[in-house]
Amino acid sequence: MKNLPCGRTTDDILQKLDEAPSLHELECRWCHQERRRLKDQDAKMLSQLRASSSADNTPEFMRNVLDKISNLRPLQRSWDAATPETRKPVRVSSTEIITRIRAEFSESRKTQLNYTEVRATDTSIPHTMWLIRCTVSMLTKSTVHEIEQEILTHVNAGLNSMVASDHLTVEITVEDVHGEVLVRSEIQA
Amino acid sequence: MEALELLALVGRSREGDQQAFAALVVELSPGLRRYCRSFFNNWQDVDDALQDTWVKAWKSLPTLNQNGAFKTWLYRVARNICLDRVRSPKNQVPSIDNEELALVAAPEYLSPENVAVQRSETERAWSILATLPSALRQAFVLVCLEELSYQEAARITNTSESTIRGRIARARKLITEAVS
């Protein structure tokens, strides 16, 4: 620990190195110099540590990871449903339904669809009652009502292009840019 | 990568989209690799742990409830895997394997001289960090190196924000003493 001529120590400055300098540190040249020295030292150390991973993260390593993952099947659900027009029995997976819904969202300028979850809510076969959970981010400033209507339209179009639906519940989660939940709502169709 | 893009990739990965998950692997591996390095003294163990982390993350994605929590969640997965590996009997004697580092392919844009200098400086930095107690090392890497918030680092390491703050100050003090 280094004692500075002003009576403070290096430790005092280290304790709050991430914060803005105090009034004393701004006015005291010893503290100011010491703070700068510690900041420079910190930056140099971090830059040396950062250099390691970007240079050494070889494509071969990535390939190994991705190969392992490609051998693991994603979890997906399947349901006995009915086709929309003729009501013929059809087996559909969550991935197929999500792909259709995502296709409907692809042109949206108001919302970005981040996550979709599909569930059949009835016990009868074929299933005709559905719950779709959508997590979206807003791309433009919109009201909750506008967002809800747009999501309902896209989900309806995507789902009904694939399976018959007598009842649809859409649970909507709107998240901010950091993924924190802003609004949750539920609409029925 | 922008935050919105990251959210979309996390969401698509949760839906079972392997391509989206592959993009996350490419984007987040460098930072995750540095965090794993705070548990081990050689890159081989780091890469083994990192590989296990991604496989475990893929398998456990259905347990993730919120896209925004992904990064913290992923680092927690990595932490648990690293701790398990560190505690396993075969890892009781830590080794510093410099030969391993010398075998790693260098990017073409760096001359051999620069690479040698950079590697020796980098390894010196890691060896300074290796002298710190594990808890201080982890806090320093998460907040200072990976630029996570105190809150995120606290969640990952199962501790409080004030503890993280204290650990970083102590880590910096020990680093300063080691450097000077």
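Because the structure is predicted, anything quoted here is derived from the model rather than measured. A note on names: the letters A, B, ... follow the listed sequences, proteins ahead of strands, and every chain is numbered from 1. Excluded from the calculations below are hydrogen atoms, water molecules and symmetry mates; all remaining heavy atoms, backbone and side chain alike, are included.
- Put simply, the residue from B:Val26, B:Asp47, B:Leu50, B:Val25 that forms a side-chain contact (heavy atoms from CB on, under 4.5 Å) with A:Val65 is B:Val25.
- Among B:Leu129, B:Ile128, B:Thr122, the one residue that satisfies the side-chain contact (heavy atoms from CB on, under 4.5 Å) test with A:Leu49 is B:Leu129.
- Your options are B:Gly16, B:Ala8, B:Gly166, B:Ala69, and the one with the most heavy-atom pairs under 4.5 Å with chain A is B:Ala8.
- Within the 4.5 angstrom heavy-atom criterion, atoms from both the backbone and the side chain of A:Leu46 approach chain B.
- The two residues A:Arg50 and B:Arg34 make their nearest non-hydrogen contact at O-NH1, 3.5 Å.
- With a 4.5 angstrom heavy-atom cutoff, A:Glu180 touches chain B via backbone and side-chain atoms both.
- Counting non-hydrogen atoms of other residues, nucleotides and ligands closer than 6.0 Å to CD of A:Glu146 gives a total above 12.
- No single ILVMFWY cluster, assembled from side-chain heavy atoms under 4.5 Å apart, contains both B:Val179 and A:Ile13.
- Residues B:Leu4 and A:Leu139 form a side-chain contact, since some pair of their non-hydrogen atoms from C-beta on lies under 4.5 Å apart.
- Heavy-atom minimum distance, B:Ala125 versus A:Gln48: CB-OE1, 3.6 Å.
- Cluster annotation: B:Ile156 and B:Leu64 are assigned to the same hydrophobic cluster (Ile/Leu/Val/Met/Phe/Trp/Tyr, side-chain heavy-atom contacts under 4.5 Å, transitive).
- Per-residue counts of heavy-atom pairs under 4.5 Å with chain B were compared for A:Ser70, A:Ser94, A:Ser137; the largest is that of A:Ser70.
- When B:Pro62, B:Ala22, B:Ser13 are compared by the number of non-hydrogen pairs under 4.5 Å with chain A, B:Ala22 comes out ahead.
- Between A:Met45 and B:Arg172, every side-chain heavy-atom pair lies at or beyond the 4.5 Å cut-off.
- No donor-acceptor pair under 3.5 Å is formed between the side chain of B:Glu2 and the backbone N or O of A:Val177.
- Within residues 116-133 of chain A, the residues having any heavy atom less than 4.5 Å from a heavy atom of chain B are, in residue-number order, A:Thr116.
- At least one donor-acceptor pair closer than 3.5 Å links the side chain of B:Gln66 to the backbone N or O of A:Gly179.
- Taking A:Thr135, A:Asp42, A:Ile98 one by one and counting their heavy-atom pairs under 4.5 Å with chain B, the maximum is reached by A:Asp42.
- The two residues A:Ile69 and B:Gln18 make their nearest non-hydrogen contact at O-NE2, 3.1 Å.
- A:Gln15 approaches B:Ala169 most closely through the heavy-atom pair OE1-CB, 3.7 Å.
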